[in-house]
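Taking it in order: structure first as structure tokens, then the write-up.
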Amino acid sequence: MNVEVQKTTPPRLIILALLWGVTWALPFVYYSRLPQPEVQAENLYILIIIPLNISITLLFIACNKALKRIEINVVDILVLVYILYGITSLAINEKQNIDEAIARLLTWCFYFNVRMLSALVKKERLNFFVNIIFTVLGIFLCIEGLLQLYGVIPSHNINFKVTGPFLNPGPYAIFLVYLIPIGIGGYYSTVYKKYTRPLSALLIGLIVVLLPILDSRISILLSLCILLYFADVLNFIPHRLKSKAAIITIGILIAIGLFFYMFKYKQGSSNGRLVIWNISWNGALNKPIFGHGLNSFKNYYGKYQIDYYAKEKNNNASFWADKVIYAYNDYLQIFFELGIIGIAVIGALLFLLLRKLNIKEFKHKFSEGNTFELSIAISLITVLVSGLVSYPLENQSHLLFLVILIALINNTFPPQLKFSVPVALKIASVLFGTFSLIYLSYWGYNRLKGYEETHLAEELYNGDHLDESSYQYNLAYKNLDDYPDLLTEYGKVLNRQNNYAKSLAMLDLANQKTTDEFCLIGIGDDYAAMKNYNMAEKYYMQAIHYIPNRMYPKYVLFEFYKKNGNINEASNYAKQILTMPVKSQSGAVSEMQNKAKIYLGNN
């Protein structure tokens, strides 16, 4: 979608930029008050910032007297169809955390914001603006990673020293790779080069330092491919190496090296990913047309994983089993969630984009110093390729970056449909913008309030103040009745208060939204307390099959059989506890093993 208006003057552009700056800054007031920068905080941030940005742009355009008509093309239509199909799927499937589902749809809506913005700004200025924003963003991301590396600030995951702003180093490394083409383009650009060249050089240098530290296979591969491609564009590769035989030879050597690295150096991880793809594919085939619903992967995958390991008890990959919330293949996950229809819409969108990319023309412009179009085209291709073995479409930051790239690429294509703009549309834009500002402030406040109450309830629970904790969880539940972690923790508190029926209701609701062995064990505990031992055993077994390499679920079932006098089964699980491989020894593991050993000695 585009709008035909008189290009805005620099003073008006400054006003719009300031308004946008305020909308980007204000949510940090909410964001900083959350316990930690986790996924929920990121979703809340998206829920506030994107509608405000869209609303401001709509109001700005609606008040522009030079507005004439709207211009759209097929890509605009396909993006809109995908959003509408996602809304329909969300309305049908209500089991997921609503924050994350709506945040994903709003991120796609931001596409239209970029398209509208392109109508207000001259192309050269817009390209420079986007290049600088991405470059400066990348520099700050790299600086954060270096500060974590040297222990100045902590990472966001205690298991990894460097994660940048993400929860693990994988998405961080891949995001930095996306910025390599932007940095190369900025360095060789002749447009505002006194600004872009030093910043771009700094960005590329920082990325080169950080990437080897992050140890991401796909990131190293993609960065090498990008550097080789631009080396060819810039004629750094001798012509004798551009022959077909040389290219084939180099390709074979790279393939052999990657195979060794992926399946030998990190064989367990690779095997685990193959199992995830297998389970995801089989799950997707259960609902192939419409899928399980938008953002439903984490709701249903765990159930399929339980069934898989219940049947494949001797599968070696079970040692690497873990809680899975992504398919590690975006296209497979889209098929799982939205079925053939969803993958067809995304496939058509990407096919049109890639088909219309005139790389030859972009390379010619690059050689003349107009580097932006080739840079964002290569970045777009990098994101799409990484989606084959990672989850950029499921990560809000990666998805937002991709949506912006799609909008910028689409700006280079001609419009196919044009509509005049009636006064009613301007009025509707003003009303929509005003409503969004009011409603989202109310929505964001209530969601924030729920997260803060959850955090307080957790602190009270850890201090063993059960009644106060239960009261706080009940308050939080009114604003976050779709938040699985809250439901699970609230259920645990209710269980300790001997309110087993209500605890079971909360845990069952949490189990519908996501699969977690502690939630399954909690449900089993409630049934056991209510003397429904068959149901208790069923859920304890599900906890074991969910992640077979975990010792604690086996220990819970061992204690369950021991308490109920089932010596044979208790001995069976005691032996499993003593013989199962252990990823990392700890005090808790040693204690469980000692109790199992004592029981076997006495029986």
Side-chain angles (χ1 to χ4, degrees), residues 30-31 33-36 38-48 51 86-106 292-303 323 325 337 396 439-462 466-497 499-523 525-527 539:
Y30 291 90
Y31 192 77
R33 289 166 63 188
L34 290 164
Q36 60 180 7
E38 53 187 10
V39 175
Q40 287 73 32
E42 184 180 62
N43 291 330
L44 185 62
Y45 188 71
I46 293 290
L47 287 170
I48 297 171
I87 293 172
T88 304
S89 179
L90 178 60
I92 295 172
N93 177 52
E94 300 177 347
K95 292 183 178 180
Q96 65 273 20
N97 185 332
I98 199 69
D99 283 10
E100 188 169 351
I102 294 179
R104 282 173 60 182
L105 289 174
L106 284 174
H292 294 75
L294 179 70
N295 200 46
S296 64
F297 183 85
K298 63 186 66 175
N299 302 34
Y300 293 100
Y301 176 87
K303 279 71 174 176
K323 183 171 183 176
I325 58 176
E337 293 184 349
Q396 298 293 6
Y439 176 75
L440 286 164
S441 297
Y442 173 76
W443 167 272
Y445 174 77
N446 282 335
R447 301 301 282 187
L448 170 66
K449 189 176 174 183
Y451 285 119
E452 290 180 327
E453 288 165 344
T454 301
H455 182 52
L456 177 58
E458 289 173 354
E459 291 182 337
L460 290 169
Y461 177 75
N462 292 333
L466 291 182
D467 292 338
E468 294 89 341
S469 175
S470 179
Y471 175 76
Q472 285 297 327
Y473 273 125
N474 188 56
L475 290 178
Y477 175 72
K478 295 176 182 177
N479 292 315
L480 290 174
D481 59 355
D482 59 341
Y483 183 27
D485 290 354
L486 180 150
L487 296 170
T488 300
E489 296 302 320
Y490 190 15
K492 286 166 57 178
V493 173
L494 291 168
N495 176 276
R496 288 190 59 186
Q497 292 182 309
N499 191 346
Y500 304 120
K502 191 172 181 180
S503 171
L504 184 60
M506 290 295 162
L507 292 171
D508 185 60
L509 189 57
N511 190 43
Q512 292 178 31
K513 298 179 184 300
T514 189
T515 304
D516 180 89
E517 72 265 34
F518 295 106
C519 179
L520 293 169
I521 290 170
I523 294 174
D525 289 343
D526 284 331
Y527 276 121
Y539 279 95

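As the structure is a prediction and not an experimental result, all values here were calculated from the model.
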CD1 on Ile521 to CG on Asp516, rounded to 0.5 Å: 8.5 Å
Looking at every heavy atom in both Leu487 and Ala510, which two are closest together, and how far apart are they? CB-CB, 3.6 Å
Is a side-chain donor or acceptor of Ser469 paired with a backbone partner of Ala457 at a separation under 3.5 angstrom? yes
Tyr471 side chain reached by Leu460 side chain, heavy atoms, under 4.5 Å: no
Here the pair of heavy atoms bringing Leu509 nearest to Tyr477 is CD2-OH, 4.1 Å
Tightest non-hydrogen contact, residues Leu294 and Ala101, listed as CD2-O, 4.1 Å
Which distance, rounded to the nearest 0.5 Å, do you find between the CD of Glu489 and the CG of Leu494? 11.5 Å
Search all heavy atoms of Leu466 against all heavy atoms of Gln497 and return the closest pair with its distance. O-NE2, 3.7 Å
Between CG of Leu90 and CD1 of Ile87, what distance do you get to the nearest 0.5 Å? 8.0 Å
In plain terms, say whether Glu453 and Lys478 are close enough for a salt bridge, that is, a side-chain N and a carboxylate O under 4.0 Å apart. no
Is the number of heavy atoms from other residues, nucleotides or ligands under 6.0 Å of Tyr500 OH greater than 12? yes
Distance-minimising heavy-atom pair for Arg104 and Asn295: NH1-OD1, 3.0 Å
Determine whether a donor-acceptor pair (N or O, by modelled atom type, separation under 3.5 Å) exists between the side chain of Thr454 and the backbone of Gly450. yes
In terms of heavy-atom contacts, Gly522 and Leu507 come closest through C-CD1, 3.4 Å
Between Lys449 and Glu452, is the closest basic N to carboxylate O distance under 4.0 Å? no
Mind checking whether Ser470 and Tyr490 have side chains closer than 4.5 Å, heavy atoms only? yes
d(His292 NE2, Tyr301 OH) to nearest 0.5 Å is 12.5 Å
Hey, what do you get for CE (Met506) to CG (Asn474), rounding to the nearest 0.5 Å? 7.0 Å
How long is the gap from CD on Glu337 to CG on Asn299, to the nearest 0.5 Å? 8.5 Å
